[in-house]
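First the structure, in the form of structure tokens, and then the observations on it.
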Amino acid sequence: MAAEALPARRLAWGGIVGEAAAAAGVALALALPLIGFRTVETNAALGIETRFGWVAATVAAVFVGRLLLALLRSLHLHRKSVTRPTSPQPSPPPGAERERPVEREGEVGGRRFRAFSPTWIGALGIAFAVALPFLPFSSRYLVDLATTVVIYVMLGWGLNVVVGLAGLLDLGYVAFYAVGAYSFALLAQRFGLSFWQGLPMAGLLAAAFGLALGFPVLRLRGDYLAIVTLGFGEIVRLVLLNWVPVTNGPAGIADVPRPSFFGLPFERHAPPGGTTFAEFFHVPFNPGQRIVFLYYVILALALLTNAVTLRLRRLPIGRAWEALREDEIACRALGINPTLVKLSAFSIGAMLGGFAGAFFATRQGFISPESFTFIESATILAIVVLGGMGSQLGVVLAAVVLVCLPEFGRAFAEFRMLLFGAAMVAIMVWRPRGLVARRAPSLRLAGRDGAR
Amino acid sequence: MAYFLQQLINGLTLGSIYGLIAIGYTMVYGIIGMINFAHGEIYMIGAFVALITFLVLGVVGVSYVPLALLVMLLATMLFTAAYGWTVERLAYRPLRHSFRLAPLISAIGMSIFLQNYVQLLQGARVKALPPIVHGGFTLMQSDGFSVEVSWLQIGILALTLALMAGFSLVISATPLGRAQRACEQDMTMAALLGIDVDRTISTAFVIGAALAAVAGLMVTLYYGVIDFFIGFLAGIKAFTAAVLGGIGSLPGAMLGGLLIGLIEAFWSGYFSVEYKDVAVFVILVLVLIFRPTGLLGRPEVEKV
């Protein structure tokens, strides 16, 4: 049968070339205005330059790329259609075809991780993270980068409570990060609080902001919530920018105090009447000590976040979050108060963001509204979604990818944000359910897995 | 009174621009229920295409202003629509049957990409354009304040009205519009009845992009300064406008746009310019709390 059908399955060259030509045509339309011409300033007036060579190159590249893609795809189909008759399984009904990939992806993910159980991967990951500053290839730059990664991991875990567990789409998470950072910086500056005193205050203030914002808006449906939180993020940034007497406006706040090791500062010279960390432990002073210490602080904060989240998932409140995410109407019918449940998720998420913000402030030593733009919110949300919503491990993976991508992209200098955007689209198209697709509720009906 | 009237006119002009962008959001949301985050960037691209077309026309030697404006309008709509189509094809169509947040993230990625794309190709500096359409007239004069209306403002309002009228006609009376409305109501059923859903969605993106392009052209002419970052705030505000009017409702988008424009103009006219964006968002929050479906939106009954 295969031999008879083969001639009909020859590559349809006409179609493929036509497709590529169409793509090239579209590329021409796209490239002509923006690539073909460049606005230049000459003598305070705008002039224009042409770059038709670039247009030709773009169109050619799109043509060839599309041709290759179409060829690969048709070869793939070709092989599949040849091998299909040999497989004994009956072909599924057309309706099932569409449902299946999603299901299967979750399954494969689930099975793979049952073999390497998440506990083991997690334990290995933690061991690696703890040992990182002392590994032979470690450097100051690497520890600094790792600190950034862990900040994003912590933010991702915080947002995961809101988006992944409770299913509330928050596009303004950076607002809580900013509130945490500014409240710590201001408390330290005005009232002389140290990092360890300021940290809980920053978290509490951020949580209070979460409550204040959440109370009126959490009755809104998903997408309205998204836009309101986005607006809130912008409001916070604008207030920070314009409320000069308190926030010092665009100039930001400098000299945010550094954390100390149980009262022992990381300085070369001890303050009057005190001892430095290096003196106390009789080790030579090294500026890297503070970097390593900061790294351990954020690692501990992040691990604490993770532990709290994992515990919360098993508490009734966590179950209520997940239930609400899956089906709000059913939850109402069962007597869960959706507003209260959402509010708890929202403010816990805000508090975690606030902790991360306070840490950010103490690590940078300087904060300004520039650090809290929408792009931060988008990055954190991307970390949660790319990781696979609700998956703690996925967040780590996505944070490593998204933070290191622009970092290693420094070689491409100005292209790195371009690549970042393109990578976000590409990863989403490639794995729409996230890198680690595991979003099953913690509690299931007893069956294959039983309650976990 | 005169000051009020002046702010009203400024607000309506600004509101027309927001309204035209908002239509793109509301159309896409109405059909596939996603926030097309890259739509603000499409508007920004529209502004750049308008600028470039103008400069090219200057080089070619077209100096008759109405002709130049017409060419700019058509070229901007055409080229920007191509961007709208491509964005949908590349970043959203593969995610059609995925879960709700996937296209949103993809859209945010697209938005970052397009911003940097334009920045790299056209430079990060603010582009300033000399005014093309000059003149206007004094509408009224009272206690030393004269209300000025420029021809450009009249032109923007007239063009917006014309586009809205034409657009409403297309949606209500042509097969294309019927397909749009059918897909909005029930995509599966529309597909069963022989409507090419993919093509309808593409059309929605193309129309939305073309209207946003007009808004970009207007901004280029009206303010005369554009840069690669204008799409972000305008996009958020236009989306706010769409939500304010009731997302999914086309007249609502226009109304919301006008309202946002007016709020912004009056706030900067009577209170502080710094907090005008804050005012817009605060009013959005208030509207959503007291009327969660927006001004013209249909209340949505959730069924199991």
Side-chain angles (χ1 to χ4, degrees), chain A residues 26-27 29-30 32-41 45-48 98 102 163 169 216-217 219-224 226-228 230-232 234-235 238-239 241-242 327-330 374-375 378 381-382 385-386 389 414-415 417-418 420-429 432-433, chain B residues 29 35 45 48-49 51-53 55-56 59 75 78-79 82-83 85-86 90-91 94-95 97-102 105-106 108-118 120-123 125 127-130 232 236 239-240 243 247 274-275 277-278 281-282 284-285 288-289 292 300 302 304:
Chain A
V26 174
L30 296 183
L32 189 61
L34 286 176
I35 301 182
F37 298 98
R38 179 182 169 86
T39 52
V40 284
E41 271 166 72
L46 276 184
I48 203 147
R98 184 178 291 168
V102 177
V163 179
L169 181 49
V217 304
R219 284 175 299 164
L220 299 174
R221 259 196 12 242
D223 303 290
Y224 290 120
I227 190 73
V228 170
L230 172 60
F232 180 69
E234 276 301 295
I235 288 177
L238 288 168
V239 168
L241 205 58
N242 290 312
D327 193 335
E328 178 158 352
I329 297 173
F374 170 71
I375 196 87
L381 184 66
V385 176
L386 289 179
M389 298 213 310
E414 68 260 45
F415 292 102
M417 285 314 281
L418 190 84
F420 179 73
M424 246 162 107
V425 176
I427 296 178
M428 228 50 241
V429 170
R433 315 265 312 167
Chain B
Y29 191 90
I35 303 173
I45 285 177
F48 268 89
V49 174
L51 175 74
I52 288 169
T53 316
L55 293 173
V56 168
V59 170
L78 189 75
F79 286 120
Y83 272 92
W85 184 85
T86 312
L90 289 182
L95 297 171
H97 299 288
S98 182
F99 81 118
R100 202 169 55 91
L101 281 180
I105 297 298
S106 174
I108 292 175
M110 205 61 192
S111 166
I112 296 173
F113 176 82
L114 287 177
Q115 257 179 35
N116 286 280
Y117 167 78
V118 172
L120 280 174
L121 287 173
Q122 300 295 333
R125 305 253 319 252
K127 311 279 172 204
L129 188 72
F232 174 65
I236 293 185
F239 185 69
T240 306
V243 173
I247 196 148
E274 290 88 30
Y275 286 103
D277 301 335
V278 175
F281 289 123
V282 168
L284 171 79
V285 172
L288 284 180
I289 290 167
E300 199 165 300
E302 270 185 80
V304 183

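The basis for the numbers below is simple: all heavy atoms, side chains too, and nothing from hydrogens, waters or symmetry mates. Computed from a prediction, not measured in an experiment: that's the story for all the values here. Sequence lines set the chain letters: A, B, ... in the order given, protein chains first and strands last, and positions in each chain run from 1.
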Judged by atom type as modelled, is there a donor-acceptor pair below 3.5 Å linking the side chain of A:Glu234 to the main-chain atoms of B:Val278? no

Interface moiety of A:Leu30 toward chain B, non-hydrogen atoms closer than 4.5 Å: both

For A:Leu241, which atoms come within 4.5 Å of any heavy atom of chain B: side chain, backbone, both, or neither? neither

Taking every non-hydrogen atom, the tightest pair across B:Phe113 and A:Ala422: CD1-CB, 3.9 Å

Closest heavy-atom contact between A:Pro33 and B:Ile52? O-CD1, 3.3 Å

Using non-hydrogen atoms and a 4.5 Å limit, figure out which bit of B:Ala128 sits close to chain A: side chain, backbone, both or neither. backbone

Picking from B:Trp85, B:Phe48, B:Phe232, which has the most non-hydrogen pairs under 4.5 angstrom with chain A? B:Phe232

Shortest non-hydrogen pair, A:Met424 vs B:Ile105, comes out as CE-O, 3.8 Å

What part of A:Leu418 gets closer than 4.5 Å to chain B, counting heavy atoms only: side chain, backbone, both or neither? both

Heavy-atom pairs under 4.5 Å with chain B: which of A:Ile427, A:Leu238, A:Val40, A:Ile375 has the most? A:Leu238

Are any non-hydrogen side-chain atoms of B:Gln122 and A:Leu34 less than 4.5 angstrom apart? yes

What part of A:Leu32 is in contact with chain B, defined as an atom under 4.5 angstrom from a non-hydrogen atom: side chain, backbone, both or neither? side chain

Using non-hydrogen atoms and a 4.5 Å limit, figure out which bit of A:Val26 sits close to chain B: side chain, backbone, both or neither. side chain

So which part of B:Leu95 gets closer than 4.5 Å to some heavy atom of chain A, the side chain, the backbone, both or neither? side chain

Side-chain heavy-atom pair B:Leu55, A:Phe37 within 4.5 angstrom cut-off: no

Do you know which two heavy atoms are closest between B:Ala91 and A:Val425, and how far apart they sit? CB-CG1, 3.8 Å

Examine whether an atom of A:Val239 lies under 4.5 Å from a heavy atom of chain B, and if so say whether it belongs to the side chain, the backbone or both; otherwise answer neither. both

Of the listed B:Leu120, B:Leu90, B:Thr240, B:Leu78, the one with the largest count of heavy-atom pairs under 4.5 Å with chain A is B:Leu120

